[in-house]
Structures are given as C-alpha cells and as structure tokens.
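A, B, ... follow the sequence lines: proteins, then strands. Residue 1 opens every chain.
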Amino acid sequence: MHVQINHLVKYYDRGRKNLHCAVNDLSLELSDGMFGLLGPNGAGKTTLMKMLATLLEPTSGSVSYDGLRLGRDNQAIRKRLGYLPQSYGLYANLSAREVLDYMAALHGMPRGADRRKRIDAILEQVNLLDAAGRRVGGFSGGMRQRLGIAQALLNDPDLLIVDEPTAGLDPEERIRFRNLLGRLSGQRVVILSTHIVGDISSTCDDMAVLAEGTLRFRGQPVCLIDQARGYVWSTLVQPARVPEIERDYHVISAVRRSAGVSLRLLGDLASVRGLPELAPEEPNLEDAYIWTMRPAAGEGSSISLPVESEAIS
Amino acid sequence: MSASTSLPVKVRRDPVFPSAPGPFFEIAVGEWKLQTRSWGSWLLVLLCLLVVVSEHPLFTSHSGTASLAESAATWADRIAVFGSMMAILIAPFVLDRVRRAGAAEVELSKPFPGGAYVLGKLAGVAGFTLAAILGSGVVHMGITLFGGADLVQAAWAYTGQAVQIALPPVVFALAAGFFLSMWIHPVAVTAGYVVYLVNSSLSQSAANARLSWLSPMVRPDYFHYAIPPEWQPVVNAHITLYYALSLALAVLAVTLFNRQNFLDGRARKSLKEWLRLSMDVAGRMGRLPVLSPSLRRVLGIPTLVALLLAVAIPSMTLQAGLEFTDLRIDHAFLALEFYLSLCGLLFMAGGLGLDQSSRALDLVLVKPANRWRLLAERLLPGLGIYLFLILGMAAYIHFTY
C-alpha cells in the first residue's frame, strides 16, 4: 500500500473561540514496511493516527491510500485497515475468541468455518490460542495488547496503525510485541506511533519525529543519529556540581560512580568546553531524538555542522 | 509469540465483506451475548420475573382461583410496568457501554454500515429483553395452566395480551431509551423516563383517566382486567401509535448515528457547552459561588439526576388530584419513599463511586489516611444535600396540604 499525506491540518475547538492546532501542515509519504512516529506526549501523534484510521476528520489537507481518499472512501479504507488505539478496552465478560468473533462480525466476515479458522490462526500468531476460552477480564496487560493487535489483524490489513502499543508492558513482553510487529511489516505499511525511542530503533527503517503538530525530522533512524554526531559528551564531575550543570546544560543521564557522577550531555563544543574530563560520545537514537527536540534550535535539519571530535582535549 | 507460525493466505476482499444484513445479524448476536454475560441484566430479569409471578391472581385472590382472562391481563399489566422499567434500565446503557469499555475506537475503525450497527445493537438488547418477557409469560401461563386452564385458549389469551398490552410500552421504552442515550447521559435518560412513566401512567390521575395518550401504557388494572368493547378502538389506536413511534425512534437513531459524534460524545458535549453558557450568563449577573472540593467531588451526573428527581417529587404529589387529605398525605409519602430512596442511592453512587469511576481509588487507598475519615469525607456532603432535600420536600408537602 502507498499512503500519501498532503498538508494535513487538524484544529480542535476548545470552546470560547479557543482553537488548538494538533497537527500543522503535515505531509508524508509511506510505503510498505515499518514506519516509526516518534514524539513527546501532546505532539499530535494520536490525532494523526486517528485521522489515518478514519476516526477523526481533518480540518484541511488530504490523505490518499492507494488512490482511496480519506473522507470520500472511508468504508473502503476501513476494509484495508487494522487499528490498535493508544488506550482501549475490550469486553471483559467475553472470552478472547468471542471478542475476535465479534470484531470479525464488525468486519463483515461471514460466520462459518473460514472465520473460525482465521480467528484460530490469529490467536496462534499472537500466542493466545491456549487462552482463547478465557475471559478477557482476567488477562494481563501483555495479553490484552496481544489481543488488541489480534483484532487489528483479523482482516489481514494493508495498513496497520498501532498507537503506543508497548506502553506499560514489561521488557520481555515489549520485545515479543516488537518482534511481532517486525514480522507483520513485510507486506504492509505498519505505522508505529510511540514516545519510546527503543521501539523505533529496534524495529523501524523509516521514521519521523513530530513535535507540536509539525514534522521535525523524516528519514532513516541512522540519519537522525548522524544529526546528533558531535553534540553528545560525557563528563565526570563531583556530586556538588551536578545541580549547576543540570541547570546550564542538557543532561541526558547521570550515573553515580565512586570517582564522582558521570554525566552524558548534549551541546556544541563551545558550550561544553569548560567541563572537566570531557569526552565525545557516539550518539544513539535517544540522544538524537533529544537533540532534535531541544527547545532552543528545534530544527533538526538546520543545525550547524559540529566541530571535528579530534579537536577535543 | 510464536515465530514459526504465519498468517493464512490473505482474505479475499470483496466477497469477505458483504453489505448488510449480514453485519446487522452478527452485531445483534454480539449484543445479545454481551447482555447474557451481564449480571446486572440477569438481576433485572430475575426481579421482573419475581414481581410478575408473585402477583399471579392464583396467589393473590382470596378464593385461590382466577379466570384465564384475568390471569393473562394481570401478567400483561405487570409486564407493561416492570418490563418497561427493565427495558429503560438496560437500553440506554448499550451504546454507553461501548464507550465505557473503551472499545469505541476499535469498533468504529471497522467497516460495518452505521445503520447495521445501530439496528443490530438495538435488536440485540430488544431480543434479550423480549426473551426475558416471553420467559415470564411462559412461567405465568404455566401457573395458570396448573389452575386448570386449557393450553390452546391460554396461549391465545397470553399472546393477545402480549401484543396489545405488554409489549408496546416495553418496545417504546427500548426505542426511546436507546435513541435518547445518543444525546443524553444514560442515567439521566433512565431517571427521566421513570419520572415520565410514573407521572403519565401510574399516578392517581392516570388511573382516573384510565388511558393517557401521553403514556405508552394501557393498564388492564384500571379497567378491572377487562377492557370494555367500547374502549377497544381507542386502545388499538393507542397501541398502533406507540408501535409506530418506536419504529420512528429506531429509524431516527439509524439516520442520526454518526461515527465521529458517537466516538467523542460531541452531542453530549453540546449539552455541556449549553450548560457552560448558562453558567456564563448567570456568572455575568453575579459572581458564582465557588463550591468546596468536598461538594464538587459529589457533583456529577448521579447527583444532578437526584436533584432533578427531587424536583419531581412535589410535582407528582401536586398532580395527584386526590380529594381526601389522608390519601393525599399517603400519596405524598409514597412519593417520598419512592423518589427519595432513588435520590439517596444516586447520592451514594455519586459520592462513593466517584473514586472508583475516575480510576483514582487505588491512589486514594494507598495514602496513609484513616479510611473511616475518607469514607466520611466522601459521604457527608452527599448526605448533607440529601437530608436538606428530605426536610425541604417534607416541609413543602406539609405546607401544601
């Protein structure tokens, strides 16, 4: 599937003539594969996901799915869509199989052996076949998420939208879930919206960073990392200096060691030059994301090139 | 998750997604299943069955005998009242439950036709309610047969009473409750409908008039369980009207259903905005009092509904139109018992249930506060308002009569 988003805008009316712009002139082009959408809370990710899932009307702009237009061909789009919302519930009184059966009915799948086979295959795919007869009310968080993705996969969608699916999952369950998404992304567009950087770095080969409704970055994760190269530093300071440094610099992490506190921070050479035992660090996606989101410059693509790391003593 | 398993071959697009009526039937079955899994629905069915069966003429007559006509009419009369109550306690919560369960976004991203969804939900809840009523009819008829009635005659009598008397108000309550819940909070719909039903059908003035066009009920009770032939055309017209109204409400529900309005409760938000506007206007006329957090905590839909019910109490007693002082006082105290107990329950729900419903209960309970004090803090403001209402209403009734 090919998804084309053109100048998408969404305003929320908060009453009393107070308009809030959640998505501002967003344009994106997506093809088969895993696409990560990263951004802080309130960046407009969920609004964008809801618009793509036909649940919210854009204020302006257009979205096309293989020629199907959002707004005009909503039912046709829904037939090719799988959606797992950020926060959702499923009927606690029904079993996993009954929930999927009901969702399949909403998809218009006729009752019969084919539907049962399809549900069993999906349950097996998400490793819930053994729990198929159990009521959803007794499921753990991970099981609920897996059931959530199962309902989104019922129609074998060409476009799968998952909104913050790993929030609240334990590390093992998160890895399982990411692997599942990775396997699913081969023959369809999978849009993974999250604020967890690790989810993107381990699954996506294409990504965007959204902040305050606008696009801050679009490209491969390695390109985002490249943007932060030369701006990530480590230093070792005495504990008493930590509050002062935290106030003046962008500290990403602070680890207490026997010799002092090891800080990892962001900034150009000119701003960090005075710090003791300064050493350049190889940026990771989290550093790059924080660097892109920094309030001062903010324009990830227009930052000035860093100085050569060899110049640092 | 199993890495070795793979999805089956892609489902074929067009043949897999037929248009209605397929989804309608499936959605109705799904809703039926959800109703059968709800202990609240079964509790209502049980209560309805208990009331209807316990008032069988065989049990209540002095002679221990009853005619077939009287038995069937008594069943229909009680179903008209308690079946309507059951319907109005279930139907308004059908769509609301989708939102409360958090399943609205998941469901609405599916490609079902809107009409099939609304009609399917309505048909599912109607099927459950009508099956319960049918069950009560079978049990009631069984008792009648035990008293010596003929099976075929009894079946005809009960079927006739069901179509003419028992079902119209139940069907109307289902359709009206379902339709109104698209715009108004279901608790308010239920409370409002109960007030409407009591005032239009169950009051003394309704009994005196025998039939009110404003009410969906025709009560055989008011005709001593035998509707006279001269009343039959009026009753038939009345029944036809309410069946037609129910159908119209169902059609309106289908026509006016909008996925996005349903998803974000926009229609209800409009109501809230209207209230906010009223508050703004009132605020311009004079500074609005700032309520304490304790009072604000109990303010919610249950409390507002309780206050509305409290307004209904004097209106009902004033409408009773009784000539004898004793009866008037009797009626007034019946109203107090009936409505104020409902008010009290709603206040309790508003005060105590708020932590739970706002998912803050765990946060509150882990704080090192005295639980009895917490309970008192939640309960006292509601009880204060409740006591004020009781005293106010009792004084009002006292001075009116």
Could you have a look at A:Asp114, A:Val99, A:Leu106 and say which one has the most heavy-atom pairs with chain B under 4.5 angstrom?
A:Leu106
Which one, B:Val98, B:Leu34, B:Leu108, leads in non-hydrogen pairs under 4.5 Å with chain A?
B:Leu34
How long is the gap from CG on A:Asn93 to NZ on B:Lys33, to the nearest 0.5 Å?
12.5 Å
Within residues 130-141 of chain A or reaching into it, pairs that qualify as side-chain hydrogen bond (donor to acceptor under 3.5 Å, both in side chains) - sequence neighbours excluded
none
Pairwise side-chain hydrogen bond (donor to acceptor under 3.5 Å, both in side chains) hits with a residue in residues 102-117 of chain B, at least two apart
A:Lys50-B:Glu105, A:Tyr83-B:Glu105, A:Tyr91-B:Glu107, A:Gln151-B:Lys110, B:Glu107-B:Tyr117
Atom group of B:Val29 that falls short of 4.5 Å from chain A, counting heavy atoms:
side chain
Under the side-chain contact (heavy atoms from CB on, under 4.5 Å) test, which residues partner B:Leu256, sequence neighbours left out?
B:Phe179, B:Trp183, B:Leu252
Best-contacting candidate, A:Leu81, A:Leu94, A:Leu129, against chain B by heavy atom pairs under 4.5 angstrom
A:Leu94
Chain B contact via A:Tyr88 - side chain, backbone, both or neither, heavy atoms under 4.5 Å:
both
Quick check: are there more than 12 heavy atoms from other residues, nucleotides or ligands sitting under 6.0 Å from CZ of B:Phe257?
yes
Testing the basics here: between A:Gln75 and B:Pro111, what is the closest heavy-atom pair and its distance to 0.1 Å?
NE2-O, 3.3 Å
Within this structure, what is the NE2-CZ distance for the pair A:His107 and B:Phe112, rounded to the nearest 0.5 Å?
10.0 Å
Applying a criterion of heavy atom separation less than 4.5 Å, what residues of residues 119-127 of chain B form contacts with chain A?
B:Lys121
